[in-house]
Novice: 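What follows is a structure written as structure tokens; I'll ask about it next.
All values below were derived from every heavy atom in this structure, side-chain atoms included, with hydrogens, water molecules and symmetry-related copies excluded.
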Amino acid sequence: MDFAILGPVRITQAGRPVRLAAKPRAVLSTLLLHPNTVVSRDRLIASVWDEPPRSALANLQTYVSVLRRAAIEVETQGPGYHLRLGTGRLDLLAFDEAVRRARRETADGDLAEADRLFAGALSLWRGRPAEDVPLAGAVTARITELEERRESARFDWIDVRLRLGLHDEVVGQLTPLVETDPLSERLWHRLMVALHRAGRRAEALEAYRRARSVLVAELGVEPGQELRNLHTAILSDAPVELPAPAAVAGDLPAPERAGRQTPGWTGICLLPADIADFVGRESETHEMISALRGTADRGGAAPVIVAVSGPPGVGKSTLAVHVAHLMREEYPDGQLFVRLGGASPSPRDPAGLLAELLRALGVDAAVMPASVEEQAAMYRARIADRAVLVLLDDAGGEAQVQPLIPGTPGSAVIVTSRGLLPAMPGAIALTLDVPPPADAHNLLAGVAGADRVASDPESAEAILHACGRLPLALRIAGARLVTRPAWPLAEFARRLADTSACLNELHSGQLDVRTTFAMSYATLSPQARRAFRLLGSVAADSVAAWTVAALAGTSAHDVDHSLEELAAAGLISASDVDAAAQPRYRMHDLLRGFAAELFTAEDSHECRAAALRRVAAEAHVRVIDAARELPLAFAPPPSDLPARTPPSAAAGAWLSAERRVLVGVVAATSRAGLVTASVDLAHVLAPFLIVRGFHDDAVNMLDGTIEAAAAAGDASAETRLRLVRADVEVDRRRAHTVAAEFRRLLDRFERTGDRHSAAYALLGIAATLEDDLGSALAAATRAADCFLALGDTNGLLSAWYEVAGVQLFLGRYDDAAAACRHALALADGESAVHSVRARRGLGIACYEMGRVEEAVGHYRVSLALSRELRWNEGERIALRRLAEAEGALGRFDRATRMLAECMEMCVRAGDARGEAMTVYALGEVSRWRGDERAALDHFTVCHALLNPRGEHYWSARTREQIARSRAALGRLC
């Protein structure tokens, strides 16, 4: 009796076909698929029926009897059946033997004989194994394995024929194969080799173009390194080599076999393909390899578990697969891989995962234990004392992972998950963030093409920024650029810059950023979904729990569970604690854009407005309390603001930590048309932004709020905010740019009878009149009188300080000192910023009057208060003035050290005027030392740094010092 299983099943007796009914034929096919192997009754039942009837065992025995009556010699062995066949009686055995002999002949160098043997072996295949027999799903894995063995043999045969020089024949052989399987890089590789060796170089290059096009279009990836190397070689018309023939496993020397695998164990590799253009992640790769190598060296008492977590699209699976491939030699007994589906609405059950692993390890599906505990025990026993690497991708939680952990220290586990797995005992946690800029740039260049990215670096940088350096987004962006080679990078960057449409652009084929995010969102509870949407309402890179609680209209305690759930899903990270000791929850920019989409799409207008009102109101209360050490805004203050208090480190830390959130809340309420909420918060937040030097934030915040107030027709709010906006320019030494604005505001306030706002506008005008000091003094004095009449102490202190400054410019040092002393007497109970300014002004007056030691005392108080307030600009000015006074007292080295420190602070802050004034002070110290040449150099540099339009007084004074130095040097010469 002869049999054929590699295609439709054939049974022949003396050349004549033997016919069988469907079920006996299915039983025979299962035995033929496992020749010379005892196949258990349970496995036979699972192979014949997807849903076995109660009578399955009795039916099976009947079908075996039918086979025996047909002279098919099925033997009973223990709990199963065995069909003993020789090589000449079954095509599958003949195929295996012919392939083994062909590979031996290849290794021995007899390529012609190998060609003949491969041809004979592959001719035995007439289709899919047992394709005409209705078998159950349990047989699919075995059939797939046999087809993979056929493809492996086919590639070996192609390589033999290429070595024999049969290039045209191979081209004809491969052409229909690549049309059938266009995603096989190995087929394209051999076709290109054959075409190139046949002298058909242009066709070989065209084959590469077609291969690359289909890979990018279907998978969104570039060809692998082997194919790219071949393309490069063909371009340069260099000879191309094939991989060395694989050794025949059965012919390896015993020591080499023992080194590769544990005796009696057949290692398998279930890993997905490594990515060809993997870049970056050097430190993470090194950390993972170090941990896994320790396991391979048997250094621990338990398997090492490396848990890689991070937000969706950050490249966790890519890194894990890459490292697993690098570690294959360290784990010769096999590499297992399963996808756990933790990010899907229905994570896979441990029972199904264990069953998949056990089937891969050769366990019959029919004898698979029913319970998870029994399956886990069998799994652990199966790989006990082996060197196996298990990669569990996309875990949903510890309960899903725990049954899949090996029981002995020889193996190791890599787990990827979107959230942390804190309950995994002994796990080495690796939290993956977006790659650094250089690696992100290399990833984009690797996909889109290095030359193309280099051709427009500015647009490339804009694409990186819009993608937030998220690897998935960068890969998609690169793939889209590849599919549109004529598309300018600038056009794509422009599209991505539109945050409302950015996610629409980040899709290519099956890769889609929005879909990836949506999978995680779909797994959340309703409460966590709402919290996620609310996080999209405010444009801030991180938030504390109070923000989410305010948006949701509940307590911080009540939102803790939702935030934990979001962290577990990888949608936020919760690993940071800010300077105010608050845990901060961070979200990637693209995720925040996705959350903002959902906030608009799933929440009603009324719900969105209510959430923003709540968070603005909460922020307003908190800012008022935290900013009590700061001066009030440059506008009439509200009547209900509390008194100012001494500097508080805790309050200042909170404001610093929440700055972006607070600015984001103002912007969100402005866009939503909630004018009162945005105006109130902007008014109390502006002084903090100005004093701490966040001028750009202040400008953007105020401009948006002013626009919203104007659109709503709230002229009073608009004009008062314009006062604060103009004061920002005064604070950063650009008073000349807002002179006209202050005059327009003054005219408007006088026409409407708003005396209080008019006083601030008048004081603003005084600050812009550096080239007309008389008018400046008159305006500041009038403003002071008005503030005194109105009982506005904050405005009065600001006016007196402006009066003192003008008096100093005029050289009226006694008057300046008197104004500063008036301010100091009134400053008690007000912001310490006023005391800093008054002390500094008093020190300058004393210094100019020759009372340098007294000036030093005032400067030191001013410096200490500035540091207590964390007012960097005030600290820089006080330090420079103190150094200048120390130099005047002959303490040159101390003065020089202090000025060097001051210069570093100015450079870090981007304070060009501060740099200029520090250089001026260095010029003075150099002159006092007797080094007029160095003094001239310093004064010259100072003059070059100053803005003559906005610095009339100091520009003129520096020119005088330059002239004085030149005169002194002229006399010396």
Side-chain angles (χ1 to χ4, degrees), residues 221-222 224-226 260-261 267-300 302-340 342-343 353 357 360 383 386-395 401 404-406 408-421 424 426-436 438-440 442-443 446-447 469-472 474-475 570:
V221 299
E222 288 288 313
Q225 191 64 51
E226 185 180 28
R260 289 193 178 186
Q261 293 182 338
I268 60 173
C269 177
L270 303 181
L271 297 175
D274 195 2
I275 192 165
D277 55 358
F278 188 90
V279 297
R281 301 294 191 196
E282 287 86 359
S283 62
E284 294 92 342
T285 300
H286 176 74
E287 184 176 348
M288 292 177 68
I289 287 176
S290 296
L292 296 169
R293 187 157 286 153
T295 302
D297 292 340
R298 311 298 192 267
V304 164
I305 304 170
V306 180
V308 183
S309 62
V314 82
K316 303 178 295 295
S317 300
T318 301
L319 173 64
V321 170
H322 178 66
V323 170
H325 275 281
L326 294 177
M327 296 300 294
R328 284 191 64 192
E329 291 187 5
E330 307 280 349
Y331 293 89
D333 291 333
Q335 304 85 42
L336 305 179
F337 175 87
V338 283
R339 299 187 191 277
L340 278 64
L353 295 166
L357 289 170
I383 62 176
R386 313 287 186 184
V388 175
L389 179 60
V390 183
L391 175 47
L392 307 175
D393 186 47
D394 192 20
V401 171
L404 311 177
I405 304 299
T408 54
S411 295
V413 181
I414 301 174
V415 187
T416 71
S417 64
R418 298 195 172 185
L420 295 172
L421 301 175
M424 289 294 296
I428 299 171
L430 178 65
T431 302
L432 213 58
D433 201 350
V434 295
D439 289 349
N442 291 340
L443 174 56
V447 180
R469 305 203 308 272
L470 189 72
L472 173 63
L474 292 173
R475 192 166 291 283

Novice: When you compare the side chain of L319 with that of M288, does any pair of heavy atoms fall below 4.5 Å?
Specialist: yes
Novice: Donor-acceptor check, side chain of Y331 to backbone of L292, threshold 3.5 angstrom: yes or no?
Specialist: yes
Novice: Test your reading of the model: is there a side-chain donor-acceptor pair from S411 to the backbone of P303, 3.5 Å cut-off?
Specialist: no
Novice: Can you list the steps and then say if I405 with I305 is a side-chain contact (heavy atoms from CB on, under 4.5 Å)?
Specialist: CA-CA 8 Å; I405 304 299; I305 304 170; 4.1 Å; yes
Novice: The criterion is side-chain contact (heavy atoms from CB on, under 4.5 Å); which residues satisfy it with P436, sequence neighbours excluded?
Specialist: D439
Novice: How long is the straight-line distance from CG of D333 back to CG of L389, given to the nearest 0.5 Å?
Specialist: 11.5 Å
Novice: Can you confirm whether V338 sits close enough to L340 that some side-chain heavy atom of one is under 4.5 Å from a side-chain heavy atom of the other?
Specialist: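 V338 vs L340: side chains touch.
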Novice: Just verifying a value: how many Å separate L404 CG and L391 CG, rounded to the nearest 0.5 Å?
Specialist: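 Nearest 0.5 Å value for the CG-CG distance: 11.5 Å.
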Novice: Please list all pairs meeting salt bridge (Lys or Arg N to Asp or Glu O under 4.0 Å) that have one or both residues in residues 282-291, counting only residues at least two apart or in different chains.
Specialist: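 Residue pairs passing salt bridge (Lys or Arg N to Asp or Glu O under 4.0 Å), neighbours aside: R281-E284.
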Novice: According to side-chain hydrogen bond (donor to acceptor under 3.5 Å, both in side chains), does anything in residues 313-327 pair up with another residue at least two apart or in another chain? List the pairs.
Specialist: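 Listed once each, the pairs are D274-H322, S317-D393.
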Novice: Please list, chain by chain and in numerical order, all residues satisfying side-chain contact (heavy atoms from CB on, under 4.5 Å) with P312, sequence neighbours excluded.
Specialist: R418, T516, F517, S520, L571, L591
Novice: Going by side-chain contact (heavy atoms from CB on, under 4.5 Å), name the residues that satisfy it together with A360, two or more places apart in sequence or in a different chain.
Specialist: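 Here the qualifying residues are I268, L270.
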Novice: How long is the straight-line distance from OG1 of T285 back to CG of L326, given to the nearest 0.5 Å?
Specialist: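 L326 CG to T285 OG1: 7.0 Å, rounded to 0.5 Å.
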Novice: Using the side-chain contact (heavy atoms from CB on, under 4.5 Å) criterion, which residues pair with A440? Sequence neighbours excluded.
Specialist: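 For A440, the residues satisfying side-chain contact (heavy atoms from CB on, under 4.5 Å) (neighbours in sequence not counted) are P435, L464, R469, L474.
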Novice: Please tell me if the side chains of V413 and V304 come closer than 4.5 Å, counting only heavy atoms from C-beta onward.
Specialist: no
Novice: State, yes or no, whether a side-chain contact exists between D394 and R339 at a heavy-atom distance under 4.5 Å.
Specialist: no
Novice: Just verifying a value: how many Å separate Q335 CD and E330 CD, rounded to the nearest 0.5 Å?
Specialist: 11.0 Å
